[in-house]
Engineer: 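Let me begin by handing over the structure; questions about it come next.
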Amino acid sequence: MKKVLQISLALLCLSFIVTSCKPKQSAYKSVYEAAKEREMQETSNESNTVVKSAGTLSPVEVSVRKEKVTPVYNSDAAGLKSFNVVIASLSVKLNAESLKSRMENEGYSVILAQNEQGMYRVIVASYDDKISAVEKRSEIYEKYSARGDTDHLRRTYGVPFNDLWILQREY
């Protein structure tokens, strides 16, 4: 009888230890909520604007993010204007330079800019007005859609072309 009681007690303790080691859902939830809040703070700098593009009949909703950026190379300083079409945001300069050269081979005049957090923005077009930037963004999107190759930039350059965005430069 004592052995049965000891074994039962040991199994009960073992089951308590095993179940207490399970990760708590509330711990995951708090981490998720913190990450979601950081994401919301980052996107609070973004504003969605509706711009009527000359080439389309319906308004196009475009995400515009405001950032203070500086050109990586002095030769790009004159080309960096107020509204920029960003094709990628990379943390490693070598990767950004590599993408820049590949996009230049495709016919784009690429500018590398760096924000205050150290991210390299690969800019494929830069304009003084928002409408021109939106139209260029749409043109790039339509170029690859018309070819029936909507995944071209992702496969070729590791960049999803449907993820292009407009950067409004803050001074």
Side-chain angles (χ1 to χ4, degrees), residues 32-171:
Y32 171 78
E33 288 173 354
K36 195 69 171 170
E37 180 152 342
R38 277 194 305 272
E39 181 181 326
M40 294 300 290
Q41 287 174 350
E42 288 174 6
T43 58
S44 68
N45 291 338
E46 292 183 20
S47 63
N48 287 332
T49 58
V50 176
V51 177
K52 182 85 170 173
S53 176
T56 61
L57 297 174
S58 61
V60 178
E61 189 172 315
V62 178
S63 175
V64 177
R65 183 180 299 165
K66 296 178 182 180
E67 285 185 345
K68 184 174 182 179
V69 294
T70 55
V72 173
Y73 302 108
N74 291 334
S75 59
D76 290 339
L80 188 59
K81 299 181 178 156
S82 295
F83 293 92
N84 305 279
V85 180
V86 178
I87 196 166
S89 181
L90 303 165
S91 60
V92 178
K93 184 178 181 181
L94 184 62
N95 294 344
E97 289 171 337
S98 175
L99 180 58
K100 176 183 178 178
S101 66
R102 287 182 282 166
M103 292 306 293
E104 286 174 337
N105 290 339
E106 187 126 340
Y108 293 99
S109 177
V110 180
I111 298 170
L112 286 184
Q114 188 175 24
N115 70 4
E116 293 176 319
Q117 288 76 34
M119 295 296 292
Y120 294 95
R121 307 300 192 198
V122 182
I123 299 168
V124 292
S126 189
Y127 301 96
D128 289 322
D129 63 293
K130 187 185 301 183
I131 292 173
S132 296
V134 169
E135 287 175 350
K136 185 64 173 182
R137 179 189 174 277
S138 297
E139 177 188 316
I140 294 168
Y141 179 84
E142 289 169 11
K143 173 183 174 182
Y144 293 103
S145 294
R147 286 183 1 187
D149 193 5
T150 56
D151 207 25
H152 171 74
L153 288 175
R154 181 182 298 279
R155 277 195 333 265
T156 307
Y157 307 115
V159 176
F161 79 95
N162 59 347
D163 199 25
L164 300 174
W165 54 279
I166 306 295
L167 166 69
Q168 182 178 358
R169 183 179 184 198
E170 291 182 334
Y171 296 91

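For reference, positions follow the sequence shown, starting with 1. Below, each value reflects all heavy atoms present in this structure, side chains not excepted, and no hydrogens, waters or symmetry copies.
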Engineer: Hey, are S126 and N84 close enough side-chain-wise for a donor-acceptor pair under 3.5 Å?
Structural biologist: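 There is such a pair (donor and acceptor under 3.5 Å, judged by atom type) between the side chains of N84 and S126.
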Engineer: Decide yes or no for I123 and L112: does some side-chain heavy atom of the first lie under 4.5 Å from some side-chain heavy atom of the second?
Structural biologist: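 Sidechains of L112 and I123: no contact.
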Engineer: Find the distance between CZ (R121) and CD1 (I87) and round it off to the nearest 0.5 Å.
Structural biologist: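 Answer for the CZ-CD1 pair, R121 versus I87, is 14.0 Å.
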Engineer: Quick one: pull up CD in Q117 and OG in S89 and give me the separation to the nearest 0.5 Å.
Structural biologist: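 One finds 9.5 Å between CD of Q117 and OG of S89.
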Engineer: Under 4.0 Å between a side-chain nitrogen and a carboxylate oxygen: does that hold for K100 and D76?
Structural biologist: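 Result for this pair is yes, salt bridge flagged.
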Engineer: Can you measure from CD (E170) to NZ (K68) and round to the nearest 0.5 angstrom?
Structural biologist: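 Rounded to the nearest 0.5 Å, the CD-NZ separation comes out at 9.0 Å.
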Engineer: What are the two closest non-hydrogen atoms of P71 and A77, and how far apart are they?
Structural biologist: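 So the minimum-distance heavy-atom pair works out to CG-CA, 3.7 Å.
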Engineer: Between atom NZ of K136 and atom CG of L164, what is the distance when rounded to the nearest 0.5 Å?
Structural biologist: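 Going from the NZ atom of K136 to the CG atom of L164 covers 11.0 Å.
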Engineer: Cationic tip of R65 within the cone over W165's six-membered ring, i.e. under 6.0 Å and within 45° of the normal?
Structural biologist: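 Output yes; distance and angle both within limits.
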Engineer: If you look at every heavy atom in R169 and L80, which pair is closest and at what distance?
Structural biologist: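 It is NH1-O, 3.2 Å.
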Engineer: Write down the atom of A88, the atom of L99, and the distance for their closest heavy-atom approach.
Structural biologist: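 Taking every non-hydrogen atom into account, CB-CD2, 3.5 Å.
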Engineer: Would a 4.5 Å heavy-atom cut-off, applied to side chains only, mark V69 and L167 as touching?
Structural biologist: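 Yes, close enough: below the 4.5 Å cut-off.
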Engineer: Output, in order, the C-alpha distance, side-chain angles, deciding distance and verdict of side chain to side chain contact (heavy atoms under 4.5 Å, CB included) for L90 and V122.
Structural biologist: CA-CA 8 Å; L90 303 165; V122 182; 4.2 Å; yes
Engineer: Do the side chains of Y120 and Q114 get nearer than 4.5 Å, heavy atoms only?
Structural biologist: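 Touching, per the 4.5 Å side-chain cut-off.
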Engineer: Roughly how far, to the nearest 0.5 Å, is the CZ atom of F83 from the CG atom of D128?
Structural biologist: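 So the gap between those two atoms works out to 9.0 Å.
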Engineer: Using a distance-only test with no angle check, is there a side-chain donor-acceptor pair under 3.5 angstrom linking N95 and S98?
Structural biologist: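 Result is no, nothing qualifies.
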Engineer: Passes side chain to side chain contact (heavy atoms under 4.5 Å, CB included), E139 versus E142? Steps please.
Structural biologist: CA-CA 5 Å; E139 177 188 316; E142 289 169 11; 5.7 Å; no
